[in-house]
Each structure stands twice: as C-alpha cells, then as structure tokens.
Amino acid sequence: MPNNENPAAPRIVVVGSINMDLVARMVQLPRPGETVSGDSFQTIPGGKGANQAVAARRLGANVFMVGRLGEDSFGTILREHLIADGIETSHVFSTPSCSSGVALIGVESSGANCITVIPGANGQLTVQDVEASLGLITHAKAIIVQLESPTPAIAAAIQFAQQNGVLTVLDPAPAPPGRLPQELMRVDVLSPNQTEAEALTGIVVHDWETAAQAASDLQQHGAKDVVLKLGSLGAFVATRDGHTVRVNAIPTNIVDTTAAGDAFTAALTVALCEGRSLPEAAKFGCLAGTLACTRFGAQPAMPTRDELEKWSNSRLV
Ligand code: RIB
C-alpha cells in the first residue's frame, strides 16, 4: 500500500505495459520507403498500461501497477517515474537479461502519430505474476488492462477480478485482427478506438452510424458495455441493457494524440469507480483525452484532476 494512499479514493490496479517512448517530431510522417528529416528527438515515459496508471493516479485514484521492466537503464528510469507519480510498484517485476519495452514514435505537426512497440520485458508477464498480484486485484474497485502484454496474463487478471466482483475495463490496444477470445470480450467495459473497432469487427468506423454498427457487432459477439473512442467525433456508448449515447468531442488545438486514448480509458474508469453512469464517465474520458491532445508526449500529457476541472470549466464559459 502506498504511503500516500487516500482512503476515500478508489483503488485501481493496472495490469499492462511500461515502455520508454523514443519520439521523433517531423512535419509529416514518412510513407513506406521515404526518408524525412525530423525536428527533434526525446525519450519520454510511456506504455499504454503505465500511461493509464499515471492518468488514473493524477485523477485521484490509488493506483497499483502490475507489469515487467527489464534490468536496464530505461527500467530504472521508468520505475522512478511511476513512483514519483505516487503509483505502487511492488508488483512491477524485474526481468533479468531482458530490455524494457520501447516504442518508436513519430509525431507529425498535425498531431497524428505512428507507433512501433518492441515489447521487451512486457512480453514476459506471466499468469504467475498475475497470481502473485491477486491480493491487489481482490481489494481493488477496478482493474484496467490492455493488449501490449501476453494474453494469458491479461485473461488471468480479468478472471481473478471478475471472480471477486472487481470492475474490469479492457482497452483492446493494439487490437489483433479478428475476434477477441471470449475471456477478453466479456469484460465489463470494452473500449476500443476507431482503428481497433475496425480490426475487431471488420466495420470501418468513420461516423456515428458506423460506430453504432461496430458497437452492436461487438455486443453480438459477447461484449457487455462498449465505449468507442472516436477521436475528434467524441465517444459512442452502448450499454449492456440496450441504450446508446453519443458523446460529442470538445474541439481543441491538437498538439499530439499520443496516449489520448490512455487518458480517456483511465478517466472513464476513475469516473465509474466514483459511481458515475457510463455516459457520464465517457464524457469525463473525452475531457481527459482531449486535454491530453493539447500537450506533447505520453505520461507528461496526462492531466491532473485539478487541471482537468479548471480546463473543462474554462471551456464552458
Ligand atoms: O498509447 C500510447 C502508447 O502506446 C505509447 O506511450 C507507447 O509506449 C505505446 O505503448
């Protein structure tokens, strides 16, 4: 338990990836075979799991991270960053003779990005690691999982959580082509973005109608609550009892879309843990995702509760 645990705030366990992002900025992302000149290079803490952990923590939750780092300098730095954010890391295991996960990221001036992930130690997360974290999971209000870690470990985390009445949220990123296995589909909340929804359903999601078709398709194949992250459109919510809600995005100046979906997923989960309805939680997710897009990098872009409230109030006047 972290020394700084707030007994009034929910406990959230994030099981997933921790990466060092190697980020190049350029005017336009290169096409296959093309060489372009970049403007800058930075190493920035990232990884979908770690980004979601940082975002949930900054939004007020008590956060416990389960994952793997390599025994290298990136591993040391990444762990230090998580601890500095107040995240409990006793179940972030070290992996000898293995590099930490890295992501090669290009960001163009429109804010669009392109990401290649090399899993490194993330790929070594085992069912036994998750079993060793059972005490954390059973005492949590929610777990958040993604797909940058091996499926058996993620499926085990979902199973343990569901056996103990803990809310399960899956960000199916990166999405494998084709259907997800049922043990992943049957989380409480499945929250893909447009690209992931297309990979999982074969439906090209480009407007509210196609979003509704994709959500319905996911539910016909076993999903419960579905929240589609639709970028500049907003979010589409389809509840398990048949209601659908469109949440409009807030227009803003985009700097970098990296980890916007992570901010969304974390905020969605925090809001659900605080008792908000799914549409209200999706609105909170949209706010967090949009604010993250106005800043550069993954973890540095994750907003605090205070920043998010001030920013959203300023958008209303
Ligand atoms: O979602 C953004 C993240 O995807 C980056 O931080 C990168 O590490 C990859 O995991």
Side-chain angles (χ1 to χ4, degrees), residues 14-25 29 41-58 63 65-70 72 74-75 77-79 81-82 85 87 92 99-108 111-125 144-151 153-154 169-176 191-197 199 227-231 235 254-269 285-286 288-303:
V14 179
V15 181
S17 59
I18 312 166
N19 296 332
M20 186 60 89
D21 292 349
L22 312 183
V23 189
R25 295 178 92 159
L29 291 165
F41 171 75
Q42 279 173 270
T43 53
I44 303 176
K48 295 187 194 302
N51 297 342
Q52 291 169 14
V54 167
R57 176 69 189 148
R58 292 187 188 164
V63 178
M65 181 87 212
V66 177
R68 278 197 169 268
L69 286 167
D72 55 8
F74 283 164
I77 296 167
L78 290 166
R79 186 185 294 274
H81 272 275
L82 291 173
D85 252 296
I87 293 161
V92 175
S99 61
S100 296
V102 292
L104 310 179
I105 303 185
V107 182
E108 64 175 29
N113 65 43
C114 199
I115 304 182
T116 305
V117 174
I118 298 97
N122 296 307
Q124 307 291 317
L125 190 72
I144 310 178
V145 290
Q146 327 75 37
L147 300 181
E148 284 186 335
S149 308
T151 301
I154 296 305
V169 178
L170 171 61
D171 176 359
S191 187
N193 68 14
Q194 282 156 293
T195 317
E196 292 142 11
V227 179
L228 297 182
K229 296 179 277 198
L230 302 176
I254 305 293
V255 172
D256 179 9
T257 55
T258 306
D262 299 330
F264 183 109
T265 301
L268 174 87
T269 309
C286 272
T290 307
L291 181 51
C293 282
T294 66
R295 299 155 170 194
F296 186 69
Q299 288 174 31
M302 300 296 104

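Numbering starts at 1 and runs along the sequence shown. In each ligand, atom 1 is the first atom listed, and ligand 1 is the first ligand listed. Everything numeric in this text was worked out from a predicted model, so none of it was measured.
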Once rounded to the nearest 0.5 Å, what's the spacing between atom [atom1] of [X] and atom [atom2] of [Y]?
X: Ile115; Y: Asp21; atom1: CD1; atom2: CG; result: 7.0 Å
X: Thr290; Y: Ile254; atom1: OG1; atom2: CD1; result: 7.0 Å
X: Phe74; Y: Ile18; atom1: CZ; atom2: CD1; result: 14.0 Å

Query raised in the report: Does Gly47 reach ligand 1 with a nitrogen or oxygen that is under 3.5 Å from one of the ligand's nitrogen or oxygen atoms?
Result: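 So ligand 1 has an N or O lying under 3.5 Å from an N or O of Gly47.
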
Query raised in the report: If you measure every N/O of Thr258 against every N/O of ligand 1, is any gap under 3.5 Å?
Result: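 In this structure, Thr258 places no N or O atom under 3.5 Å from an N or O of ligand 1.
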
**Report entry** Non-hydrogen atom of Ser17 closer than 4.0 Å to ligand 1
**Finding:**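 In this structure, Ser17 fails to qualify as a contact of ligand 1 - no heavy atom is under 4.0 Å.
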
Query raised in the report: Quick one: does Gly261 get a heavy atom under 4.0 Å from ligand 1?
Result: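 False for this residue.
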
Quick one: which ligand 1 atoms are inside 4.0 Å of a heavy atom on [X]?
X: Gly46; answer: 6 (O), 8 (O)
X: Asp21; answer: 5 (C), 6 (O), 7 (C), 8 (O)
X: Ala103; answer: 7 (C), 8 (O)
X: Ala298; answer: 6 (O)

Query raised in the report: Just by distance, do the side chain of Gln42 and the backbone of Val23 share a donor-acceptor pair under 3.5 Å?
Result: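 No: the side chain of Gln42 does not pair with the backbone of Val23.
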
**Report entry** Note, Arg295 side chain near Val255 side chain (heavy atom, < 4.5 Å)
**Finding:**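 No - every pair of side-chain heavy atoms lies 4.5 Å or more apart.
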
Query raised in the report: Among Gln52, Gln146, Lys48, which residue meets the side chain to side chain donor-acceptor pair (under 3.5 Å) test with Asp171?
Result: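 Result for side chain to side chain donor-acceptor pair (under 3.5 Å) with Asp171: Gln52.
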
